[in-house]
Amino acid sequence: MVTQSPRAVRSFPYQERSSIVEVNRDETGKGDVMAATSVLQQRANEIRNNSINWQSYLQSQMIGDDDYRFITEFLTSDGSKRDSLLQNQRTQCAKTFLSLLEHISKDQTVQYILTIMDDMLQEDMNRVEIIREYAKKKRENVWSPFLNLLNRPDNFIQNMTSRIIAKLACWSRDPMEGSDLTFYLTWLKDQLQTPGNEYVQTTARCLQMMLRDEKYRLVFAGMEGVSVLANILSGRINFQIQYQLSFCLWVMTFSPQLVEQMNKHKIIPILGDILNDSVKDKVTRIILAVFRNMIEKPEDAAMVKENCVAMVQAKVLKQLSILQQHKFDDEDIMADIEFLTEKLQASIQDLSSFDEYSTEIKSGRLEWSPVHKSERFWRENANRLTEKNYELLKMLVHLLETSRDTLVLAVASYDIGEFVRHYPRGKSIIEQLGGKQMVMQLLAHEDPNVRYEALLAVQKLMVHNWFVKF
């Protein structure tokens with residue numbers, strides 16, 4: 001049975017909903033009533049069945065008598081007998097495990113040591129204090145032995161070590177800090193982005209654990225972590241990784257200051273796409289929970305409104321109406337559907353054409369919505385594109401430079417031309433922002449619609465003065 005340490009409880013500043021607790025399940029399968037499918041779990045089951053000749057290590061003086069006695073007694077005990085052993089020999093336990101990791105280099109043996117060490121911690125969260133207390137007593141860095149193992153070439157060793165680090169960091173009374181924390185979070189971030197990483201599910205689980213702690217998630221966000229999650233979720237990944245990384249975003253929404261970062265990296269349209277295609281209830285559930293928090297948690301009313309509009313534009317409201325027809329056993333998901341439907345419908349009633357336009361530009365997903373071709377819209381709102389130091393115009397120019405979507409390029413080119421036509425200094429502003437050069441480059445685009453809209457925009461840019469009265 002798993003018991004929670006005081007820090008494990010207080011590190012997560014909200015009451016968990018019963019439907020979103022998968023992160024607590026033991027991925028290695030030890031004591032897990034659900035059949036785990038991760039590569040790490042499969043390998044761990046194989047490694048537990050290995051037989052290590054500790055006598056040979058003793059005879060070759062690679063381990064001492066006390067370490068030999070402890071490890072052999074530890075491996076032959078279980079239940080209350082093991083509890084008693086660890087209670088009476090806390091110092092020896094830490095010394096033995098750390099000594100074995102330091103003096104034994106054979107991959108097979110190191111894999112075994114790490115697996116049984118992880119099992120020991122999984123059985124009782126409070127056992128992380130055995131390692132912490134020993135390091136403190138010896139005035140040694142508790143993280144160094146484990147962080148060094150992340151550099152081993154063996155992938156199982158790396159990832160099982162990562163699990164142990166996550167447990168120590170999340171369950172111990174003393175948090176991970178400074179360069180140690182930066183190193184570990186960087187390692188996790190790099191592993192997520194490693195092509196073909198067969199242990200990516202384990203990496204994601206470790207990140208799920210870490211981001212439950214606000215201090216850790218603020219550091220991760222400061223390392224462009226939200227951008228990394230957005231990029232991965234935008235790609236082709238299986239539903240399990242969709243769930244796990246969406247869980248990471250969910251816990252990050254409990255820090256309202258991070259919601260703004262999520263907007264910057266277009267999390268709402270990305271998750272909206274996944275929601276529209278989702279066939280797994282747990283993926284649907286976690287995305288709805290993210291969306292709810294993005295409306296409930298921010299204190300800035302303008303941000304809440306912007307998030308609601310972004311969800312409407314991501315066709316979330318339409319998907320909610322479909323989900324309402326389903327029968328879910330989970331009360332949380334039904335409550336989220338009702339909450340989001342009410343909030344999004346209310347936002348539509350209060351929505352101005354400029355709010356709609358602004359949110360569309362920020363999403364980076366332009367389409368021929370009515371505002372673009374509305375003469376009245378441009379006449380009344382062209383000047384508003386200069387607000388916040390030309391924020392929206394800069395976004396339009398950026399889309400012209402970076403987007404590969406022909407529809408986006410065509411609509412952005414049209415909008416540039418309309419701004420120039422309706423704003424007195426529009427031509428010089430667009431030239432200063434580099435928009436004229438971008439539009440002219442699109443004259444040679446392979447898509448005829450893009451070429452056509454670019455040509456119209458260039459013609460508008462070439463008019464000497466739209467505001468001369470004849």
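Excluded from the calculations below are hydrogen atoms, water molecules and symmetry mates; all remaining heavy atoms, backbone and side chain alike, are included. Every value quoted in this text rests on a predicted model; they were computed, and no experiment measured them.
In terms of heavy-atom proximity, Thr91 sits nearest to Lys137 at OG1-NZ, 4.1 Å. For Ser278 against Thr284, the heavy-atom pair with the smallest separation is OG-OG1, 3.1 Å. When every heavy atom of Met262 is checked against every heavy atom of Val290, the shortest pair comes out as CE-CG1, 4.3 Å. Contact detail for Ser246 and Ile287: the closest heavy-atom pair is OG-CG1, 4.0 Å. Between Ala230 and Ile270, the shortest heavy-atom contact is O-CD1, 3.7 Å.
Side-chain atoms of Asn231 and His265, non-hydrogen and from C-beta on, never get closer than 4.5 Å to each other. Between Lys215 and Pro175 there is a side-chain heavy-atom pair separated by less than 4.5 Å. Using a 4.5 Å heavy-atom threshold, the side chains of Leu207 and Leu229 count as touching. Within the 4.5 Å cutoff, the side chain of Asp118 has heavy atoms near those of the Lys167 side chain. Looking at heavy atoms from C-beta onward, Tyr216 lies out of side-chain contact with Met209 at the 4.5 angstrom threshold. Between Pro145 and Leu101 there is no side-chain heavy-atom pair separated by less than 4.5 Å. Proximity of Leu344 to Ile295: side-chain heavy atoms (C-beta onward) are separated by under 4.5 Å at one or more points. Counting only heavy atoms from C-beta outward, the side chains of Met120 and Leu86 approach each other to under 4.5 Å.
Thr109 pairs by the side-chain hydrogen bond (donor to acceptor under 3.5 Å, both in side chains) definition with Tyr57, not counting sequence neighbours. A search for salt bridge (charged side-chain N to carboxylate O under 4.0 Å, His left out) contacts involving Glu356 returns nothing, not counting sequence neighbours.
Between Arg43 and Glu46 there is a salt bridge, since at least one side-chain N of the basic residue sits less than 4.0 Å from a carboxylate O of the acidic one. Between Asp332 and Arg285 there is no salt bridge, since no side-chain nitrogen of the basic residue lies less than 4.0 Å from a carboxylate oxygen of the acidic one. One finds a salt bridge joining Lys362 and Glu306 here, because a Lys/Arg side-chain nitrogen approaches an Asp/Glu carboxylate oxygen to under 4.0 Å. Of the charged side-chain nitrogens involved, at least one lies within less than 4.0 Å of a carboxylate oxygen, so that Arg127 and Glu123 count as a salt-bridged pair.
Pairs of residues two or more places apart, or lying in two chains, never qualify as salt bridge (charged side-chain N to carboxylate O under 4.0 Å, His left out) while including a residue from residues 230-251. Within the structure, no pair that satisfies the ring-ring contact (aromatic ring centres under 6.0 Å, His included) test touches residues 285-306, not counting sequence neighbours. Contacts classified as side chain to side chain donor-acceptor pair (under 3.5 Å) and involving residues 307-327 (residues at least two apart or in different chains) are given here: Asn263-Asn307.
With a 6.0 Å cutoff to the six-membered ring centre and a 45° limit on the axis angle, Lys81 does not count as a cation-pi contact of Phe74. With a 6.0 Å cutoff to the six-membered ring centre and a 45° limit on the axis angle, Arg90 does not count as a cation-pi contact of Tyr134.
Using a distance-only test at 3.5 Å, with no hydrogens or angles considered, a donor-acceptor pair links the side chain of Ser172 to the main chain of Asp174. A donor-acceptor contact shorter than 3.5 Å links the side chain of Lys189 to the backbone of Met223. The main-chain N or O of Asn449 is never found under 3.5 Å from a side-chain atom of Glu453 such that the two would form a donor-acceptor pair. Between the side chain of Gln158 and the main chain of Arg152, a donor-acceptor pair closer than 3.5 Å is present. Here the side chain of Glu129 pairs a donor or acceptor atom with the backbone of Arg173 at under 3.5 angstrom. Judged purely by atom type and a 3.5 angstrom limit, Asn381 has no side-chain atom pairing as donor or acceptor with the backbone of Arg384. In this structure, Arg217 contributes its side chain and Arg212 its backbone to a donor-acceptor pair below 3.5 Å.
Ring-centre distance between Phe247 and Trp250: below the 6.0 Å cut-off.
If you run side chain to side chain contact (heavy atoms under 4.5 Å, CB included) between Leu185 and each of Val219, Asp180, Asp190, only Val219 comes through. The only option from Leu275, Ile274, Ile268 that meets the side chain to side chain contact (heavy atoms under 4.5 Å, CB included) definition with Leu271 turns out to be Ile274.
Atoms CG and CE, from Asp213 and Met210 in turn, are 7.5 Å apart once rounded to the nearest 0.5 Å. The distance from atom CD of Glu102 to atom CG of Asn148, rounded to the nearest 0.5 Å, is 10.0 Å. Expressed to the nearest 0.5 Å, how far SG of Cys206 lies from OH of Tyr184 amounts to 4.0 Å. Here the straight-line distance linking atom OG of Ser358 with atom CG of Leu392 works out to 4.5 Å at 0.5 Å rounding. Considering NZ of Lys95 and NZ of Lys138, their distance stands at 8.0 Å, rounded to 0.5 Å. With rounding to the nearest 0.5 angstrom, the OG1 atom of Thr96 is 7.0 Å from the CD1 atom of Ile71.
A side-chain N or O of Glu360 and one of His372 form a donor-acceptor pair less than 3.5 Å apart. For the residue pair Gln201 and Ser38, no side-chain donor N or O sits within less than 3.5 Å of a side-chain acceptor on the partner. Using modelled atom types, one finds no donor on one side chain facing an acceptor on the other under 3.5 Å when comparing Thr202 with Arg163. Checking Gln111 against Asp154 by side-chain atom types alone, a donor-acceptor pair falls below 3.5 Å. Between the side chains of Ser352 and Asp355, at least one donor N or O sits under 3.5 Å from an acceptor N or O.
Counting non-hydrogen atoms of other residues, nucleotides and ligands closer than 6.0 Å to CD of Glu391 gives a total above 12. In Asn238, the CG atom is crowded: over 12 heavy atoms of neighbouring residues, nucleotides or ligands sit closer than 6.0 Å.
Between Trp54 and Tyr112, the ring planes are tilted. Angles from 30° to 60° get that label. In this structure, Phe377 and Phe354 have parallel ring planes: the angle between them is below the 30° cut-off, well short of the 60° mark.
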Just list the side-chain donor-acceptor pairs under 3.5 Å for residues 393-410, sequence neighbours left out, or say none.
residue, atom, partner, partner atom, Å
Lys394, NZ, Asn389, O, 3.2
Thr402, OG1, His398, O, 2.8
Ser403, OG, Asp405, N, 3.1
Arg404, NH1, Thr402, O, 3.0
Asp405, OD1, Leu407, N, 2.9
Asp405, OD1, Val408, N, 3.4

**Asked** Going through the distances and angles, do Asp300 and Lys305 end up as a salt bridge (charged side-chain N to carboxylate O under 4.0 Å, His left out)?
**Response** CA-CA 9 Å; Asp300 184 347; Lys305 182 178 181 181; over 6 Å; no

